[in-house]
> 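Here it is, the structure, as structure tokens.
In the text below, chain A, chain B and the rest are named by the order of the sequence lines, each starting its count at 1. Nothing here was measured: the structure is a model prediction, and the numbers come from that model.
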Number of protein chains: 2
Amino acid sequence: MYIYTSAAARLRAALCIAREKGTSIKYQRHNAIRELVASSLVSNQDELRRKLRRRGFEVTQATLSRDIHELRISKGPGGYALPNGNGNGTATAVEDDGPPTVAEVMESFGMRVRRAMNQVVVRTVMGGAQPVAASLDYEDWPEVVGTIAGDDTVLIVCQDSRHATDVESKLRTILES
Amino acid sequence: MYIYTSAAARLRAALCIAREKGTSIKYQRHNAIRELVASSLVSNQDELRRKLRRRGFEVTQATLSRDIHELRISKGPGGYALPNGNGNGTATAVEDDGPPTVAEVMESFGMRVRRAMNQVVVRTVMGGAQPVAASLDYEDWPEVVGTIAGDDTVLIVCQDSRHATDVESKLRTILES
DNA sequence: CACTGAAATGTATAACTATACAAAACGCTC
DNA sequence: GAGCGTTTTGTATAGTTATACATTTCAGTG
């Protein structure tokens, strides 16, 4: 069973927006899928479902199977991929209001979260560390003393172990949605 | 149950040919798969299995799943497809034996190893930090929570001080050997 | 040749994806 | 709002792919 009430509410709200903008909710979801597939590793449809849920799209695996077919997305050794080469042309029309949130970039790039003492280490897809660190810096979490990012790893330094544990669980919640 | 006798006979015959040509039967099958995938529509692994059987290769779906993985073939709306664009160039020397080991890169680049609390800092020659960190990530040592690399310094975050000491000594051993 | 470790394969099944069908939501017209 | 054809979605399940484990084959070595 799913949480029908909140889902229904969310759907209605989303539909309201959709009508105002003249775009269907399905079309918006397709754009979100393209974005996720292009910028992060998506290994199966259930993973995609969880990532979409964090963005407000709550659908079942069956719907995603249909979406993927309609978008002509293919699956290979590196997870799902946009159609051949120019898979971007249609990917536009993505509104970005200000810097992305930690939740957003973690959904897109985050892979693993681990803690050691007062530090938290986040593994991301290649090139994902900088955006994650930037969003953390921007949101300015009180537990976080500072961040350092390489190519696919972010080191988050916290006040102490307890705060690190808090940060770890917050990030892990986002990731596991 | 399958017809073991004829299968066995065919295998032996094929192996005989294989030896003469100096190529393994698996390699021959891989080439046949590439050819079929490139020139005809293959929608699933069972179809591929039947097509291969006509060419004298009698294997199960499981083996084909492994072959497809090794050949880095992807599946999309148009059936299976060879890897990215130049699907042919790779025809030879497919299996590379992965990234270099930590030992190899440390011998090449490593200069000094020091520890502080649960962290280990490795100094390398200029530009050596990334390869060292990459090999550490690849080998996925259990004591290591994560790594971050600059130009000539790698920071290795470990579970705790004890693990960091272990890592320190392992790296130092490589360096001094 | 017997033994040994590595590589390749088959079997059985878990994991994942596609689809038939039914229900709901939509966009119309009246 | 009621009626009606179309579109979208969920449910249940069939279809497809990946993988743990066991077995067989292969290449060396003593």
> Any chance the side chains of B:Ser74 and A:Lys75 put a donor and an acceptor closer than 3.5 Å?
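Checked: B:Ser74/A:Lys75 side chains show no N/O donor-acceptor pair below 3.5 Å.
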> Run the salt-bridge test on B:Arg49 and B:Glu58 with the 4.0 Å N-O cut-off and return the result as yes or no.
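Salt bridge flag = no for B:Glu58 with B:Arg49.
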> As a test of reading the structure: which of C:dT9, D:dT16, C:dT11 is closest to the side chain of B:Thr63, going by heavy atoms?
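Among C:dT9, D:dT16, C:dT11, the one nearest the side chain of B:Thr63 is C:dT9.
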> Ignoring the backbone of A:Lys75, work out which of C:dC16, C:dA18, D:dT8 is nearest its side chain.
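Closest of the options to the side chain of A:Lys75: C:dC16.
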> Answer yes if the side chains of B:His163 and B:Asp166 hold a donor-acceptor pair under 3.5 Å, and no otherwise.
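No, no side-chain donor-acceptor pair sits under 3.5 Å.
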> Roughly how many Å is it from CD1 in B:Ile68 to P in C:dA8, rounded to a whole number?
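Rounded to the whole Å, the gap is 17 Å.
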> Taking atom P of D:dT8 as reference, at what distance in whole Å does atom CG of A:Leu71 sit?
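After rounding, the reported distance stands at 13 Å.
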> Would you kindly give the CD-to-P distance between A:Glu70 and C:dA18, to the nearest whole Å?
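Whole-Å distance recorded here is 12 Å.
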> Which whole-number value in Å describes the distance from A:Leu48 CG to C:dT17 P?
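It works out to 10 Å between those atoms.
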> Hey, is B:Glu143 close enough to B:Arg162 for a salt bridge, meaning N to O under 4.0 Å?
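B:Arg162 and B:Glu143: not salt-bridged.
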> The side chain of A:Asn44 lies closest to which of these nucleotides: D:dT19, D:dG10, C:dT17?
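Out of D:dT19, D:dG10, C:dT17, the nucleotide with an atom closest to A:Asn44's side chain is C:dT17.
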> For B:Arg29 and C:dA8, is the shortest distance between a side-chain N/O and OP1 or OP2 below 4.0 Å?
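For C:dA8, neither OP1 nor OP2 has a side-chain N or O of B:Arg29 closer than 4.0 Å.
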> Round to the nearest Å and state the distance from B:Ile73 atom CD1 to D:dA18 atom C1'.
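Atom-to-atom, B:Ile73 to D:dA18, this comes out as 15 Å.
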> Grab the CD-C1' distance between B:Glu47 and D:dG15 for me, whole Å please.
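Roughly 14 Å, once rounded to whole Å.
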> Between B:Leu64 (CG) and D:dT19 (C1'), how many Å, whole number?
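Taking atom C1' of D:dT19 as the reference, CG of B:Leu64 is at 15 Å.
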> Judged by each residue's nearest nucleotide on DNA chain C, which is more toward the 5′ side, A:Gln45 or A:Arg66?
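The residue closer to the strand's 5' end, by nearest nucleotide, is A:Gln45.
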> Check whether the side chains of B:Asn44 and B:Gln61 place a donor and an acceptor atom closer than 3.5 Å, and report yes or no.
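Distance-only check fails for B:Asn44 and B:Gln61.
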> Establish, with yes or no, whether the OP1 or OP2 oxygen of C:dT17 is under 4.0 angstrom from a side-chain nitrogen or oxygen of A:Tyr80.
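Indeed, a polar side-chain atom of A:Tyr80 lies that close.
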> Assign A:Ser65 to base, sugar-phosphate, or nothing according to its heavy-atom contacts below 4.0 angstrom with the strands shown.
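The residue A:Ser65 makes base contact.
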> Within this structure, what is the CD-to-P distance between A:Gln61 and D:dT13, rounded to whole angstrom?
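About 15 Å, once rounded to whole Å.
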